Amino acid sequence: MSRRFRALTSGILRSLALLLMVATASAAVPAPAATAEVQPSDVSDSVSQPALVIIIDDVGDNYARGLAAVELPGPVTYAVLPHSPFGPKLARKAYADGKDVILHAPMQNTRDRPLGPGALTADLGRQQFRQVLEGDLDVIPHVQGLNNHMGSLLTTLQPQMNWVMELARERGLFFIDSRTTASSVAWETARRFGVPNLKRDVFLDHERTTEFVHRQFIKALAIARRHGSAVVIGHPYPVTVDYLKLALPLLDEQGIRLLTASALIMEKQERLRLASRNQSP
């Protein structure tokens, strides 16, 4: 860790506790359209303690970076690339540490960027599409759900999203829409198929600088405080992992819970169940 990074991070962390407390008051942070399948405001007048879900994408291609990410403190969720050289080993490590493991399913994008093995593309028929997705899921140990890797094209296509959710429902998996495009139909399709789901609120590290990661993290905290929860996606970049290693242990004392994706989904389902029971005549 460089001297400049240590100095910068030290200053950021000195202000982090204060920012955690005032993030909600920031009018500059717009409210998202929705943070997950069930909005806390739909089922409760107040949220006792906001929750944050951290998903680390692109796990599996680089062992050292993947291991550093898996060793982050607390219940983080890891999205593992299929057929990657270190994906299975890192997935087993994450699971052994009590963390969530999901498939980071490569899906066709609008820019023809390469997807790697196990890609789901628009030219595949239903049977072949299912075979590819089943193969992707089968190589990830302890897989509990999936999200999309890229997918700015495929997540806008209704038939293909139907096929994804059919298989997710059959296997009892949850789905997280990474929202790589505002035109995605994935999240709504998951809802329609009864697949437990969340969708991304904040991308943490589009710019690989501590300053940018910090701003995005504070934005996520503001969303969590306003709506009860926020779903954040980052990557196993050194700048991201170094920042989260220092920032995550500060959440609890500020009254923000770090949850796995599956834990937040179960919590929201329970809130909905209780609300439904309370509304029954």
Side-chain angles (χ1 to χ4, degrees), residues 55-63 65-67 69-70 76-96 99-181 184-187 189-190 192-200 233 235-236 260-262 265:
I55 302 167
I56 302 297
D57 277 357
D58 294 352
V59 173
D61 278 344
N62 183 300
Y63 183 72
R65 290 189 175 189
L67 182 61
V70 168
V76 179
T77 299
Y78 297 92
V80 180
L81 290 165
H83 313 288
S84 56
F86 307 110
K89 185 175 182 178
L90 291 166
R92 285 189 287 268
K93 165 69 172 167
Y95 178 80
K99 307 187 181 193
D100 272 7
V101 174
I102 66 175
L103 166 68
H104 196 35
M107 297 188 186
Q108 188 173 355
N109 58 81
T110 57
R111 298 183 178 182
D112 293 325
R113 294 174 61 187
L115 295 169
L120 299 168
T121 57
D123 61 334
L124 298 176
R126 182 178 181 276
Q127 183 176 354
Q128 190 177 4
F129 188 100
R130 283 179 59 96
Q131 287 175 346
V132 173
L133 182 53
E134 286 177 332
D136 290 348
L137 289 165
D138 289 342
V139 298
I140 307 297
H142 312 295
V143 66
Q144 297 165 268
L146 67 158
N147 73 344
N148 52 293
H149 171 51
M150 302 191 195
S152 54
L153 173 64
L154 202 75
T155 59
T156 68
L157 304 180
Q158 192 63 67
Q160 284 77 6
M161 291 302 99
N162 290 348
W163 302 341
V164 169
M165 302 315 162
E166 285 173 358
L167 188 54
R169 184 172 60 187
E170 290 171 15
R171 292 201 175 203
L173 303 173
F174 60 81
F175 181 83
I176 300 170
D177 190 347
S178 301
R179 297 287 290 178
T180 54
T181 173
S184 173
V185 299
W187 176 71
T189 305
R192 187 159 44 82
F193 274 76
V195 173
N197 61 85
L198 299 168
K199 63 180 178 178
R200 186 268 311 161
I233 292 180
H235 300 82
T260 59
S262 63
I265 286 170

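Just so we're clear, the structure is a prediction, and the values are computed from it rather than from any experiment.
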Could you pull out the closest heavy-atom pair between [X] and [Y], with the gap in Å?
| X | Y | result |
| --- | --- | --- |
| Leu157 | Gln160 | CB-OE1, 3.2 Å |
| Val164 | Leu146 | CG1-CD1, 4.1 Å |
| Pro196 | Leu173 | CD-O, 3.9 Å |
| Val139 | Pro88 | O-CG, 3.7 Å |
| Met165 | Thr189 | CG-CG2, 3.7 Å |
| Ser152 | Thr110 | OG-N, 2.9 Å |

Side-chain heavy-atom pair [X], [Y] within 4.5 angstrom cut-off:
| X | Y | answer |
| --- | --- | --- |
| Arg171 | Glu134 | yes |
| Leu133 | Leu120 | yes |
| Leu154 | Met161 | yes |
| Val101 | Pro141 | no |
| Asn197 | Ile265 | no |
| Glu166 | Trp163 | yes |
| Pro82 | Pro117 | no |

Spacing of [X] atom [atom1] and [Y] atom [atom2] [to the nearest 0.5 Å]:
| X | Y | atom1 | atom2 | value |
| --- | --- | --- | --- | --- |
| Ile55 | Ile233 | CD1 | CD1 | 4.5 Å |
| Lys99 | Thr77 | NZ | OG1 | 9.5 Å |
| Leu90 | Arg65 | CG | CZ | 13.5 Å |
| Leu81 | Asn62 | CG | CG | 11.5 Å |
| Leu103 | Gln144 | CG | CD | 12.5 Å |
| Gln108 | Thr156 | CD | OG1 | 9.5 Å |

[X] side-chain N/O to [Y] backbone N/O, donor-acceptor pair under 3.5 Å:
| X | Y | answer |
| --- | --- | --- |
| Ser184 | Thr181 | no |
| Lys93 | Leu67 | no |
| Arg200 | Arg179 | yes |
| Asp136 | Ala105 | no |
| Tyr78 | Ala69 | yes |

Indicate whether any N or O donor in one side chain lies under 3.5 Å from an N or O acceptor in the other, for [X] and [Y].
| X | Y | result |
| --- | --- | --- |
| Asn162 | Gln158 | yes |
| Asp57 | His149 | no |
| Ser178 | Thr180 | no |

- Message: Tell me whether Phe193 at atom CZ has more than 12 heavy atoms from other residues, nucleotides or ligands lying less than 6.0 Å away.
- Response: yes
- Just say parallel, tilted or perpendicular for the rings of Tyr63 and Phe86, cut-offs at 30° and 60°. tilted
- Message: Quick one, Thr121 with Leu115, criterion side chain to side chain contact (heavy atoms under 4.5 Å, CB included). Give me CA distance, side-chain angles, the key distance, then yes/no.
- Response: CA-CA 10 Å; Thr121 57; Leu115 295 169; 4.3 Å; yes
- Apply side chain to side chain contact (heavy atoms under 4.5 Å, CB included) to the pair Asn147 and His104, showing each step before the final yes or no. CA-CA 5 Å; Asn147 73 344; His104 196 35; 2.8 Å; yes
- Task: Report the C-alpha separation of Asn148 and Thr155 in whole Å, then their side-chain angles, then the decisive distance to 0.1 Å, and conclude whether the side chain to side chain donor-acceptor pair (under 3.5 Å) test is met.
- Result: CA-CA 8 Å; Asn148 52 293; Thr155 59; 4.9 Å; no
